[in-house]
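Data first, discussion second: the structure below is written as structure tokens.
Each chain gets a letter, A, B and so on, in the order its sequence line appears, and its residues count up from 1.
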Number of protein chains: 2
Amino acid sequence: MTSGRRVRLVDVAREAGTSVSTVSRVLNGSEQISFEVRNHVRSVAARLGYRADGAAKELKLGRVRTVGVTVPDLANPFFPEVLKGLGAGARGAGYRLLISESGEDPDEELRLAEELTSHASALVLCSSRLRPKHLTKILDGPIPVVCVNRTAEQAGVVCVDYRSGSRQLLDHLATLGHRRIAYVGGPPASWSDGQRRRTLRTLTRKMGMRLEEITGGWSGDHGYAAGPEVLATGATAVITFNDLVAIGLLSWLHDTGVEVPGAVSVTSYDDIPVAAYARPPLTSLRNQRAQLGRLAWGHLSARLAGDQWPPPVMLTPTLTVRASTGRPPADGGPDTR
Amino acid sequence: MTSGRRVRLVDVAREAGTSVSTVSRVLNGSEQISFEVRNHVRSVAARLGYRADGAAKELKLGRVRTVGVTVPDLANPFFPEVLKGLGAGARGAGYRLLISESGEDPDEELRLAEELTSHASALVLCSSRLRPKHLTKILDGPIPVVCVNRTAEQAGVVCVDYRSGSRQLLDHLATLGHRRIAYVGGPPASWSDGQRRRTLRTLTRKMGMRLEEITGGWSGDHGYAAGPEVLATGATAVITFNDLVAIGLLSWLHDTGVEVPGAVSVTSYDDIPVAAYARPPLTSLRNQRAQLGRLAWGHLSARLAGDQWPPPVMLTPTLTVRASTGRPPADGGPDTR
DNA sequence: CCGATCCGTGCAAACGTTTGCAGGGAACTG
DNA sequence: CAGTTCCCTGCAAACGTTTGCACGGATCGG
């Protein structure tokens, strides 16, 4: 029964015996059409299964009610939750989300962003891995851009305050008595990884701790693979780029018979839901992801309304202490036990 | 430097001293424009930062190179991985993905699907929670629809074979000696939950086992909350709706001091990456999610090329046995140990 | 040197929708 | 009953792009 041809406004009009404009008005809820005609047109439209052509509508109206979004990796629960917040706000204002995943590839992200520029009325770059030059190019484009978890000029900026977060992690570990810390890093192109690294370096030096930096990544497999190197450093506490990496590392430590937190403490950023269900439950930095998304929409809607960008927002994460962190083993710290 | 006005074809033409059609031809790579003009127009377009208006282009071309996708919950890693496969295929053919999340709400899913119908050239419904009546309505719409993990007439169908999967789970548990099984179910509107329930009921009866059905859900919290009820059934093995639920349940069992698999075995569907990192690692049914997405695109592209729908595809999952399943306790089964 | 050929470019129509403007008829007022 | 008002509806232009068609100039052969 599905007709090959798409049913247009003119088809409805002909069938209903009215003009195109009348149909258009009825379907857009105009009050100035008589009651009978309104009902009649509505029923005809319904019977024919009329659906407005999005492209034509947007062309005429000159607005595209679509927000393009790029994320490095949808499989990291961090991003879907940001998208939930963003989507809720956007939907409330009649905007859709056009979500694309770059697969952690900066070049692919550039392609996607350029693509989206011609199909969306605004752009949200989540944890952008773009090189600065390319980021500037996108920001110079015709549509407003919000960066989540990355700072930039000429853009809306909504970030987790990883400086504060890193400080909280180190304070927690220092209080427990740890002095030798390993950091299992994230993707090289990650801005937030850079933030954390710099902060960790500065603070460990200042606090008289020792920091070992280890190549990591963004997934559980990366964490598992980093296991041997972590152990080799002799660190008593490990901070990982995110919870997925931490969970992978926990798994390796378990398989290898290293006790957590008995022999080594593990902690991380993000506090995604499964962190609470890890064995042992993971000490992690909770950030308000949905709030991050809502704020991103807030910035965007202000800008779309013609205002200037609101000042950058930094959301301070809060440390959720669970069982994966504890005092260092007797020979690894100052405690005598 | 960002000009408020969007730069159009006519702006480039005026600046380059040519006509609109010439610019259009150059930018679309037509061969029939002289070399010099081509270069000149290109450079002018680049200088002005011209970006084609997507809406106008699509209107004129009459095709929307966009595939709308609905998923119940992006936070379940199952879906992002399907999207990866789908997106890869679609991108290769010059299509974009327009992803929407229904939040497990059938009404919201209906709204989204209708929305998408006017903005996309095809639809992919992942694990649709739509009521049959509404599903039919969408299928009767003007654009082709693929259902992932749900069967339907007049649509492309790509499913995991949960019948076979459920059989494998039961066989595995039966071989270990279990006789009393609990099933922690999924969302009421889930088609795949229905499939599993029916199969589990039929097979347990046939195999002389006892099945207890428990209300569950789709997230870790649902699994955690189901803990007491699971324990009350006295079942020696639990099957859960998905791995997130299983991980939540594992966590409750651990908190409560119930040994897994010593006192009760736990197993589930999907085998998402974290399943391997659960404590104990989860016995689960691996399904090829990316392949599911690729096949969905395969069906769609065949249909978009004008062919009929390919016959429905059922992907058989394979059981990945890990440490969360074992023999039942001595008093719980026929084995004497 | 004139006519035919061919290549490069411009003109204008069309895609499906919205909306300002105008026109026609009914109702109401004087 | 004529004039005015007001409500409802239709006409046509416009949004930015693509593309069939036509046209003008250069090139070439006879």
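- A salt bridge between B:Arg129 and B:Asp193 is absent, with no side-chain N of the basic residue lying under 4.0 Å from a carboxylate O of the acidic one.
- Minimum atom distance to the side chain of B:Asn28 is reached by D:dT18, of the listed D:dT9, C:dT18, D:dT18.
- Salt bridge B:Asp140/B:Lys137: absent, no basic N to carboxylate O contact under 4.0 Å.
- The distance from atom CZ of B:Arg38 to atom C1' of C:dC7 is 13 Å, rounded to the nearest whole Å.
- Nearest nucleotide to the B:Tyr50 side chain, out of D:dT17, D:dC11, C:dT18: D:dT17.
- Among the nucleotides C:dC15, C:dG10, D:dT18, the one closest to the side chain of B:Leu59 is C:dC15.
- As a whole-Å value, the separation of A:Leu9 CG from D:dC11 P is 14 Å.
- Checked against C:dG10, C:dT19, C:dG16, the side chain of A:Leu61 finds its nearest nucleotide in C:dT19.
- The side chain of B:Lys57 contributes an N or O atom lying less than 4.0 Å from OP1 or OP2 of D:dT18.
- Distance A:Glu31 CD to D:dT9 P: 13 Å, rounded to the nearest Å.
- Projected onto DNA chain D by closest heavy-atom contact, B:Arg25 and B:Ala52 fall at different nucleotides, the more 5' of which corresponds to B:Ala52.
- Look at CD on A:Glu36: it is 16 Å from P on D:dC7, rounded to the nearest Å.
- With respect to A:Glu108 and B:Arg91, a salt bridge is recorded, a charged nitrogen being found less than 4.0 Å from a carboxylate O.
- One atom, CD of A:Gln32, and another, P of C:dG25, lie 19 Å apart when rounded to the nearest Å.
- Ionic pairing of B:Arg42 and B:Glu36 is not present here: no N-O contact between side-chain nitrogen and carboxylate oxygen is shorter than 4.0 angstrom.
- Residue B:Ser24 is in base contact, counting any heavy-atom pair closer than 4.0 Å across all strands shown.
- Between the side chain of A:Ser21 and the base of D:dC11, a donor-acceptor pair under 3.5 Å is found.
- Going from atom CZ of A:Arg51 over to atom C1' of C:dT17 covers 15 Å, rounded to whole Å.
- Between the P atom of D:dC15 and the CZ atom of B:Arg8 lies a distance of 7 Å, rounded to the nearest Å.
- The listed nucleotides are C:dT19, C:dT17, D:dT9; the one nearest the side chain of A:Ile33 is D:dT9.
- Closest to the A:Ser34 side chain, of the nucleotides C:dG16, D:dT17, D:dC8, is D:dC8.
- Rounded to a whole Å, the NZ atom of A:Lys60 is 9 Å from the P atom of C:dG20.
- Under 4.0 Å is where a charged nitrogen must lie from a carboxylate oxygen, and between A:Lys84 and B:Glu101 at least one such pair does.
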